Each structure stands twice: as structure tokens, then as C-alpha cells.
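As the structure is a computational prediction, the values presented were derived from the model and not from experiment.
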Amino acid sequence: MKKTWRWFGRNDTITLDMLRQIGVEGVVTALHAIPNGEIWPLEAIQEHKKYIEFFGLRWSVVESLPVSEAIKYGGPERDRLIENYKISLENLGKAGIRTVCYNFMPVIDWIRTDLLYKLPDGTSTLYFDKIRFAYFDCYILEREGAEKEYTAEEMAQVRILAGTITQEEKDQLVDTIIVKTQGFINGNIKEGDLNPVAIFNRLLAQYKGIDRDQLRENLIYFLSAIMPVCDQWNINMCIHPDDPPYQVLGLPRIMTGDEDIRYILESVDNPHNGITFCAGSLSAGLTNEVTQLAEKYARRTHFVHLRSTNATADGNFMEASHLEGRGHLIELIRIFEKENPGLPMRVDHGKLMLDDAGKGYNPGYSFHGRMFALAQVEGMMAVIKDEILHGKCK
């Protein structure tokens, strides 16, 4: 597997020289300054690529070329936005960049309720608390019918929380769920936006009447439109699983596990239509057996995110050590090295540790935390490489 690292461009305080020193081989990045839906110019792509190559690295994966909301919900401007997307893909192809990671999650990308959950060793990590999320949904968003999507026991806990939560905690929930985790990844809401709750509710309203079947149709429409460009320029599209992998906020989620993956791959049965195998996102769903999914879909995987989670029956989950949790990363590495060797891989959602705090890193994208995780994963990769070399790999 190729060791890659998500890098947020020249404004990233983690420099390419730092990445070269810790053994990173490829960069996962995007043209973050270009608004969603606009064309990525060939010149801008080439300039970004040239800068990366100056440091002895390569631009391995685009993460991401964002899919505009109107493509997802099927708005009147959908076809124009898809044409722009096709031109951007063609320009990436001309520049020799062949892998694009994207998602089809409506409105909101990955969701956590706590970005600094303290661990016993003094480090901190990302955490999802279902009750606090339900409070946000029912009492802050005041989404119509939200209470019906939670159990009576869960709503009883939400009402207890409503009697004790402070205004500071409410503001923190808003900042965490719809600003901090979204704004740095071409999100719909960014730091400094006034009244993010109102903006978010307007975005949710765009999906009124859009169910799983319709969202699936819209995804297939999009993929069918772009596959000729992918065929021409040998570009692999790899859809990222939903995070968490189940329905939230009344929004359909269509990349949650085995049945969804099979549907997407069979509906557009083209080798350039593949997946990003994110072990963290998939392992947050208790019904997902991650190693089985890897065995089943390794040949249609174009990119791997190696992280792991611990999930509990009450709906809560948190990032686990890269050596532990439901992701079973060492088994995943064995599977991918055997079935589809040479895939780009990046570690994901490292802990906040040592002097990472106060550096302004994007949530989940600390330097020392990810460097530590990369060392753990590199050790696993070395063991498996030795197993393969000596014929011991299962």
C-alpha cells in the first residue's frame, strides 16, 4: 500500500517537507479555494501538482472534487453542474491524476458531537454521543417530526439533558456538528457564517420529499453521466461511506454497508466506479463486519482510509486506536495487499496529543496524532509484507 496523507494546501500548517520527513509517499488534497460546482482549471491543477512534486511527493488522490447539493437532490441546475464536474475530471486526467474520492451525503458530511473527548492517557479524540445529537436535532434545529426517529427511552434521556445543558454547551454542539467538521472541507457552512442553524435548516429543506430511492437514482444519474470521461482518462471514482453509516436528521443515507455498496457497483458496473474503503466509517455501524466487506469489495476499492472505531449498542461511537477497535486494520491490510496491492492508503482521524493542541489543526487531522497512527500502520504493513514474502499470508 502507498502511504499518503491528507494535506489542505499551502495554508496547511503541516508542510510537505514535514510529510517527506515522516515517510509519506503521496498527497491527498484538493483545490480548496474553488467554490463547489465551479470548474477546476487545468492550469491550477498543474500548478498544485508541480508544487507537490517539488518536495519529492506525488498527488495521489483528489479528496475531494465536491459533488454539489443540487446534483444530489436533483435540482434544475443539476445537468450544468455535472458538465462542470466532467470538465474538471478531464482536466485532472490531462494532469495525470487518476483517483478521485467523493461522497454523496446530503447536506452534512461526517458527524461528531465532541471533538476533544478526553482519554485516560491525556490525549483527546472524536466522539459521537447519540443523546446529545438527538438533543441538537430536536431542541436546536427543532426539526419537524424529529422525536419520532428516536426511541422513547432515548427521548426520555434527551428531555433530562434539556433540563441541564448550558447555553455554552448548546453553542458548542452547533459549532461542532455544523461548522467545525464541515467548513474546512468545502462544506455548506463555514467559520464566521451568521446564524448557522438557519442556514442548515434551509439546506435540510432542499431534501424534502427525497427518500433513499430518489437519492440512489440521483447518484446513478451522476455516475452514468461521468463514466465516459472516466473511461477516456482512466480516472477511478471512489465513493466514501456515510459517516455515521445510518440515517440522520431525516436525510437518506445510501452508502452505509453491504447492500448499498453492492447496489452502487452493480448499477454502474464499470471498473472506474469503485469505493473508498473507510474502515472507520463502516465500523461505526454495528451491522457491518468490516473484514468481510473488504474481502468482498477489495477489487472494486480504489482508495483506503485506515482508522477504526469502538461502537456501542446505545448508538455512541468513538475513534479507536489504529491497533484496536472494530476496524481490524491488520486484517484489512492483509486482504488489500493480497487482493489489490499498491492501493493508496491514508491514516485518518488521529488523536490530539503532545503539542498538537492549540496548533489550529482541522478536527481529526492533527500532526503528531496522525504521525503516531502512521507509525502503527507502517509497522503492520511491514509484518504483512514479510508474511507475503515468506508465503505466510492467509
Side chain Glu154, main chain Thr151, donor-acceptor under 3.5 Å: yes
Residue pair Arg10, Glu47: steps toward the salt bridge (charged side-chain N to carboxylate O under 4.0 Å, His left out) verdict: CA-CA 12 Å; Arg10 299 193 194 194; Glu47 194 277 334; 2.3 Å; yes
Cation over ring face, Arg78 and Tyr221, 6.0 Å, 45°: yes
For the student: nearest non-hydrogen atoms of Asn288 and Gly257, plus distance: OD1-CA, 3.5 Å
Side-chain donor or acceptor of Asp242 paired with backbone N/O of Ile254 under 3.5 Å: yes
Heavy-atom side-chain contact between Leu115 and Leu352 under 4.5 Å: no
Sole residue of Phe317, Tyr117, Phe133 in ring-ring contact (aromatic ring centres under 6.0 Å, His included) with Tyr127: Tyr117
Test item: Ser366 side-chain N/O and His368 main-chain N/O as donor-acceptor pair under 3.5 Å: no
Close side-chain approach of Trp7 to Thr15, heavy-atom, < 4.5 Å: no
Check: Leu89 and Cys230 side chains under 4.5 Å, non-hydrogen atoms: yes
Main-chain N/O of His322 paired to Ser308 side chain as donor or acceptor, under 3.5 Å: no
Smallest separation among heavy atoms of Ser88 and Ile39, with atom names: OG-CA, 3.4 Å
Test log, rule side-chain hydrogen bond (donor to acceptor under 3.5 Å, both in side chains), inputs Asp12 and Tyr361: CA-CA 8 Å; Asp12 196 331; Tyr361 296 139; over 6 Å; no
Val27 backbone acceptor or donor facing Arg6 side chain under 3.5 Å: no
Under 3.5 Å: donor-acceptor pair, side chain of Thr4, backbone of Met345: yes
Test salt bridge (charged side-chain N to carboxylate O under 4.0 Å, His left out) applied to Glu83 and Arg80, step by step: CA-CA 5 Å; Glu83 286 304 311; Arg80 177 184 63 81; over 6 Å; no
Residue pairs fulfilling ring-ring contact (aromatic ring centres under 6.0 Å, His included) with at least one residue in residues 56-90, sequence neighbours excluded: His48-Trp59, Tyr73-Tyr207, Tyr85-Phe222
Lys86/Asp79 salt bridge by N-O under 4.0 Å criterion: no
Heavy-atom closest contact (Pro245 atom, Leu282 atom, distance): CG-O, 4.3 Å
Among Leu161, Val158, Asp137, the one residue meeting side-chain contact (heavy atoms from CB on, under 4.5 Å) with Arg132: Leu161
Derivation and outcome, side-chain hydrogen bond (donor to acceptor under 3.5 Å, both in side chains), residues Thr312 and Asn316: CA-CA 6 Å; Thr312 52; Asn316 297 346; 4.7 Å; no
Pairing of Arg216 and Asp260 as salt bridge, 4.0 angstrom limit: yes
If you look only at distance, which donor and acceptor atoms sit under 3.5 Å apart when one is on a side chain in residues 268-279 and the other is two or more places apart or in another chain?
unit_1, atom_1, unit_2, atom_2, d
Asp269, OD1, Arg300, NH1, 3.3
Asn270, OD1, His272, N, 2.8
Asn270, OD1, His272, ND1, 3.4
Asn270, ND2, Asp231, OD1, 3.0
Asn270, ND2, Asp231, OD2, 3.3
His272, ND1, Asp231, OD1, 2.9
His272, NE2, Asn234, OD1, 2.9
Asn273, ND2, Ile264, O, 3.1
Asn273, ND2, Val268, O, 2.9
Thr276, OG1, Cys238, O, 3.1

Side-chain donor/acceptor of Asp114 to backbone N/O of Leu116, under 3.5 Å: yes
Full working for salt bridge (charged side-chain N to carboxylate O under 4.0 Å, His left out) between Glu319 and Arg307: CA-CA 8 Å; Glu319 309 292 334; Arg307 67 179 177 90; 2.9 Å; yes
Ile384 vs Ile330 side-chain heavy atoms within contact, under 4.5 Å: yes
Worked check of side-chain contact (heavy atoms from CB on, under 4.5 Å) between Val377 and Met380: CA-CA 5 Å; Val377 168; Met380 289 186 266; 4.0 Å; yes
Gln167, CD atom: more than 12 neighbouring heavy atoms under 6.0 Å: yes
Trace of the salt bridge (charged side-chain N to carboxylate O under 4.0 Å, His left out) decision for Arg212 with Glu259: CA-CA 13 Å; Arg212 272 175 55 82; Glu259 195 272 334; 3.8 Å; yes
Residues Glu53, Arg58: salt bridge by 4.0 Å N-O rule: no
Inter- and intrachain pairs under salt bridge (Lys or Arg N to Asp or Glu O under 4.0 Å), touching residues 350-369, at least two apart: Asp121-Lys351, Asp355-Lys359
Contact check, side chains of Met227 and Met237, non-hydrogen atoms, under 4.5 Å: yes
Donor-acceptor pair, side chain of Glu149 and main chain of Val248, under 3.5 angstrom: no
His240: partners by ring-ring contact (aromatic ring centres under 6.0 Å, His included), with sequence neighbours left out: His305
Thr309 and Ser283: CA distance, side-chain angles, deciding distance, side-chain hydrogen bond (donor to acceptor under 3.5 Å, both in side chains) verdict: CA-CA 6 Å; Thr309 63; Ser283 65; 2.7 Å; yes
Contacts of type ring-ring contact (aromatic ring centres under 6.0 Å, His included), residue Tyr51, not counting sequence neighbours: Phe55
Minimum heavy-atom distance between Leu19 and Ile14, given as atom pair plus value: CD2-CG2, 3.7 Å
Side-chain heavy-atom pair Arg20, Asp17 within 4.5 angstrom cut-off: yes
Test side chain to side chain contact (heavy atoms under 4.5 Å, CB included) applied to Lys296 - qualifying residues, sequence neighbours left out: Asp258, Arg262
Minimum heavy-atom distance between Asn310 and Gly325, given as atom pair plus value: OD1-CA, 3.3 Å
Face-on cation placement of Arg370 at Tyr365 ring, 6.0 Å and 45° thresholds: no
N/O donor-acceptor pair under 3.5 Å between Arg346 side chain and Phe303 backbone: no
Glu378 bridged to Lys3 by N-O distance under 4.0 Å: yes
4.5 Å side-chain heavy-atom contact, Arg112 and Ile177: no
For Leu92 against Val100, the heavy-atom pair lying closest together: CD1-CG2, 4.0 Å
Main-chain N/O of Thr166 paired to Glu169 side chain as donor or acceptor, under 3.5 Å: yes
Arg334 with Glu331: basic N within carboxylate O range, under 4.0 Å: yes
Check: Val107 and Leu249 side chains under 4.5 Å, non-hydrogen atoms: no
